[in-house]
Asks: 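Input: one structure, supplied below.
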2 protein chains.
Amino acid sequence: MCHHCVVESVKSRMLSRRDFFRGSAVAAGAAALAATAAPRPLFAQAASPMRAIDLTHELHEAFPTFAGEQQFFMEPKYEIGSDGYNLNIWTMEEHVGTHIDAPLHFSEDGASVAELPVEQLVCPLAIIDIRERAEADPDAQVTPDDIAAWVAEHGDIPEGACIAMLSGWDRHVDTDMFRNADADGGMHFPGFHPEATDMLMAETGARVIAVDTLSLDHGPSADFAVHYSWLPSGRYGIECVANLGELPASGATLVVGAPKVRNGTGGLARVFAMV
Amino acid sequence: MCHHCVVESVKSRMLSRRDFFRGSAVAAGAAALAATAAPRPLFAQAASPMRAIDLTHELHEAFPTFAGEQQFFMEPKYEIGSDGYNLNIWTMEEHVGTHIDAPLHFSEDGASVAELPVEQLVCPLAIIDIRERAEADPDAQVTPDDIAAWVAEHGDIPEGACIAMLSGWDRHVDTDMFRNADADGGMHFPGFHPEATDMLMAETGARVIAVDTLSLDHGPSADFAVHYSWLPSGRYGIECVANLGELPASGATLVVGAPKVRNGTGGLARVFAMV
């Protein structure tokens with residue numbers, strides 16, 4: 001696609017926001033073209049020493065799940081006293097704990113978790129802080145205005161970036177508040193608004209979204225609109241991340257230890273940020 | 001332990017090699033003391049752009065195992081045609097595919113895979129190339145002389161480093177040669193000699209060893225001497241790594257996406273090198 005086409009395509013999808021985003025969208029289009037010519041360097045900002053922050057919850061049999069049922073089981077197969085060493089067997093659904101949603105999770109033939117290019121597993125991390133709003137309203141969502149505010153403060157969304165929602169929900173992981181189900185079983189926790197992810201797809205080179213809750217869509221979602229648009233586009237998601245509050249809003253690098261399982265729709269991951 | 005004690009302890013365990021190692025052992029002892037005073041910086045060498053190399057094999061149901069029996073099972077639970085999305089259930093032993101051996105695997109109360117400090121999951125990578133010897137002898141082992149040769153060429157083993165055996169065995173992963181069982185069922189593939197890991201423990205600050213084969217001990221080992229000395233010391237191992245041949249012998253940084261599973265003795269991992 002030529003530069004002109006990219007610009008026109010972007011413009012046509014963002015008429016309602018052209019006053020705010022036009023400049024950065026053109027820049028993003030140009031950046032996308034530039035990215036095809038030269039690989040994006042990793043850790044280019046790492047002139048000074050870096051340290052790793054763990055963004056992963058510990059997984060155990062009582063870890064909360066979207067469905068409300070146990071999805072991780074562990075039983076010993078060998079024990080050191082009788083067998084000379086310890087070894088367990090795990091039985092687990094792919095979407096439990098801090099984990100990946102690969103495109104294949106919500107598409108017919110999207111990339112499996114093993115097919116995500118390694119270049120997409122190490123990427124810039126942009127953090128959208130909605131803690132104050134989530135505290136007042138558990139159904140809060142990341143909106144286009146939140147993304148606009150991030151761009152206004154930190155500059156364009158970096159090419160290939162992960163946009164992470166910091167709602168503060170990770171602190172609820174060991175309580176019923178993590179699912180926050182009402183009397184009818186409906187859940188209430190923050191997530192992305194589909195208009196926000198539509199904007200990310202139309203106007204930026206973002207490849208990943210991450211949430212510190214059980215789902216990319218917020219708890220009351222009836223249609224999984226974010227899952228059904230973001231994942232089939234070839235992008236991926238990360239759910240149940242922890243410790244985003246320890247990171248700067250801009251400048252960290254995400255390293256996603258996604259399990260390399262053939263035909264997997266996602267799976268348990270170890271996720272770090274380098275700062 | 002005081003500086004004098006460290007030096008004396010190291011000296012007493014290396015009399016047979018004092019001609020070669022005495023200087024570096026004293027330096028390592030001093031470095032170990034220094035490391036307790038100031039955290040080791042990560043990516044300190046990353047003044048120039050870095051890229052990620054995937055050191056992970058793809059896991060699938062036919063992936064070869066030490067025991068020779070299938071240890072990873074995957075079955076669909078939901079399918080997009082009938083259920084609106086895809087999701088599988090995995091049943092797996094902890095030690096299948098590219099995976100971690102945590103101290104708890106071969107000790108009564110060593111650290112579980114979830115208890116490995118994040119600082120130990122990102123570390124300098126030193127690669128010992130024994131491909132030529134392994135080609136001639138599948139039972140080849142990494143010896144103290146190999147480590148001495150690495151130090152002579154590249155300098156002291158970095159504090160907290162992972163020492164990885166590059167035998168070239170990863171290329172056999174999809175063939176019977178990976179286990180290389182003889183008529184009596186005995187396996188033949190390279191691994192670490194226990195004298196080499198004893199030396200690493202006595203004379204260096206290495207925390208991790210990695211192999212591109214099915215076991216830290218070489219195939220014919222009858223006593224798992226490396227497992228029974230290295231892991232109970234609080235250090236950990238990585239088995240079935242891939243692509244070490246794409247890396248420099250010195251200078252890469254290892255990032256170990258170990259699964260954060262409570263009480264796990266190890267488990268499927270995503271392993272990268274940053275170069």
Side-chain angles (χ1 to χ4, degrees), chain A residues 39 41-44 46-54 56-61 72 74 77 80-81 84-95 97-98 104-108 114 118-119 121-122 224 227 255-272 274, chain B residues 39 41-44 46-54 56-61 72 74 77 80-81 84-95 97-98 104-108 114 118-119 121-122 224 227 255-272 274:
Chain A
L42 303 174
F43 301 109
S48 58
M50 301 185 81
R51 64 194 177 96
I53 304 291
D54 192 1
T56 318
H57 284 295
E58 185 180 70
L59 182 62
H60 53 89
E61 293 191 317
F72 176 73
M74 181 162 117
K77 178 170 181 177
I80 197 161
Y85 61 100
N86 297 307
L87 183 149
N88 303 295
I89 295 180
W90 302 343
T91 299
M92 60 201 302
E93 298 201 11
E94 286 171 328
H95 298 266
T98 301
L104 183 59
H105 187 33
F106 271 73
S107 60
E108 189 75 49
V118 66
E119 295 76 19
L121 300 178
V122 184
F224 296 95
H227 279 84
V255 179
V256 183
K260 197 170 179 179
V261 172
R262 184 177 295 174
N263 297 327
T265 73
L268 185 69
R270 188 62 175 264
V271 184
F272 304 107
M274 304 296 179
Chain B
L42 304 175
F43 301 110
S48 57
M50 301 184 83
R51 65 194 177 96
I53 304 291
D54 192 1
T56 318
H57 284 295
E58 185 179 70
L59 181 61
H60 52 89
E61 294 191 315
F72 176 73
M74 181 162 117
K77 178 170 181 176
I80 195 160
Y85 60 100
N86 297 307
L87 184 150
N88 303 296
I89 294 180
W90 302 343
T91 299
M92 60 202 302
E93 297 200 11
E94 286 172 328
H95 298 265
T98 300
L104 182 59
H105 186 33
F106 271 73
S107 60
E108 190 76 50
V118 65
E119 296 76 18
L121 300 177
V122 184
F224 296 94
H227 280 83
V255 180
V256 183
K260 197 169 178 178
V261 172
R262 185 177 295 175
N263 297 328
T265 73
L268 186 68
R270 188 64 174 264
V271 184
F272 304 107
M274 304 295 180

Asks: Non-hydrogen atoms of chain A under 4.5 Å away: do they reach the side chain of B:M92, the backbone, both or neither?
Replies: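 Answer is both: backbone and side chain atoms of B:M92 are under 4.5 Å from chain A.
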
Asks: Can B:L121 and A:F272 be said to form a side chain to side chain contact (heavy atoms under 4.5 Å, CB included), step by step?
Replies: CA-CA 10 Å; B:L121 300 177; A:F272 304 107; 3.9 Å; yes

Asks: Measure the spacing between CG of B:L268 and CZ of A:R270 and express it to the nearest 0.5 Å.
Replies: 13.5 Å

Asks: Given that the side chain runs from C-beta out, which part of A:V271 has a heavy atom under 4.5 Å from chain B: side chain, backbone, both or neither?
Replies: neither

Asks: Which distance, rounded to the nearest 0.5 Å, do you find between the CD of A:E93 and the CD1 of B:I89?
Replies: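 With rounding to 0.5 Å, CD (A:E93) is 5.0 Å from CD1 (B:I89).
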
Asks: How far does CG of A:L87 sit from NE2 of B:H105, to the nearest 0.5 angstrom?
Replies: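 Between atom CG of A:L87 and atom NE2 of B:H105 there are 6.0 Å.
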
Asks: When rounded to the nearest 0.5 angstrom, what distance separates CD in A:E94 from NZ in B:K77?
Replies: 11.5 Å

Asks: Evaluate the side chain to side chain contact (heavy atoms under 4.5 Å, CB included) criterion for residues B:D54 and A:K260: first the C-alpha distance (whole Å), next the side-chain angles of each, then the deciding distance (0.1 Å), finally the verdict.
Replies: CA-CA 10 Å; B:D54 192 1; A:K260 197 170 179 179; 2.8 Å; yes

Asks: Using every non-hydrogen atom in the two residues, find where A:E58 and B:A114 come nearest and quote the distance to one decimal.
Replies: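 What the structure gives for the nearest pair is OE2-CB, 3.5 Å.
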
Asks: Given a strict heavy-atom distance threshold of 4.5 Å, which part of B:H57 is in contact with chain A: side chain, backbone, both, or neither?
Replies: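 Backbone only.
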
Asks: Mind listing the closest non-hydrogen atom pair of A:V261 and B:M74 along with its distance?
Replies: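 That closest heavy-atom pairing would be CG1-SD, 4.0 Å.
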
Asks: Given a strict heavy-atom distance threshold of 4.5 Å, which part of B:F72 is in contact with chain A: side chain, backbone, both, or neither?
Replies: side chain

Asks: Answer with side chain, backbone, both or neither: which region of B:L104 has an atom nearer than 4.5 Å to a non-hydrogen atom of chain A?
Replies: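 Contact with chain A: backbone and side chain both.
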
Asks: CG of B:N263 to CG of A:N88: how many Å apart, nearest 0.5 Å?
Replies: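 Between B:N263 CG and A:N88 CG, I get 8.0 Å after rounding to 0.5 Å.
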
Asks: Between A:W90 and B:P259, what is the shortest heavy-atom contact and its length?
Replies: CH2-CG, 3.8 Å

Asks: Output, in order, the C-alpha distance, side-chain angles, deciding distance and verdict of side chain to side chain contact (heavy atoms under 4.5 Å, CB included) for B:T265 and A:Y85.
Replies: CA-CA 9 Å; B:T265 73; A:Y85 61 100; over 6 Å; no

Asks: Show the nearest heavy-atom pair for residues A:H60 and B:R262, with the distance to one decimal.
Replies: CD2-NH2, 3.3 Å

Asks: Check the pair B:M274, A:V122 against side chain to side chain contact (heavy atoms under 4.5 Å, CB included), reporting the backbone distance first and the verdict last.
Replies: CA-CA 10 Å; B:M274 304 295 180; A:V122 184; 3.8 Å; yes

Asks: When only pairs under 4.5 Å are counted, which of B:G81, B:S107, B:G97, B:G266 shares the most heavy-atom pairs with chain A?
Replies: B:S107

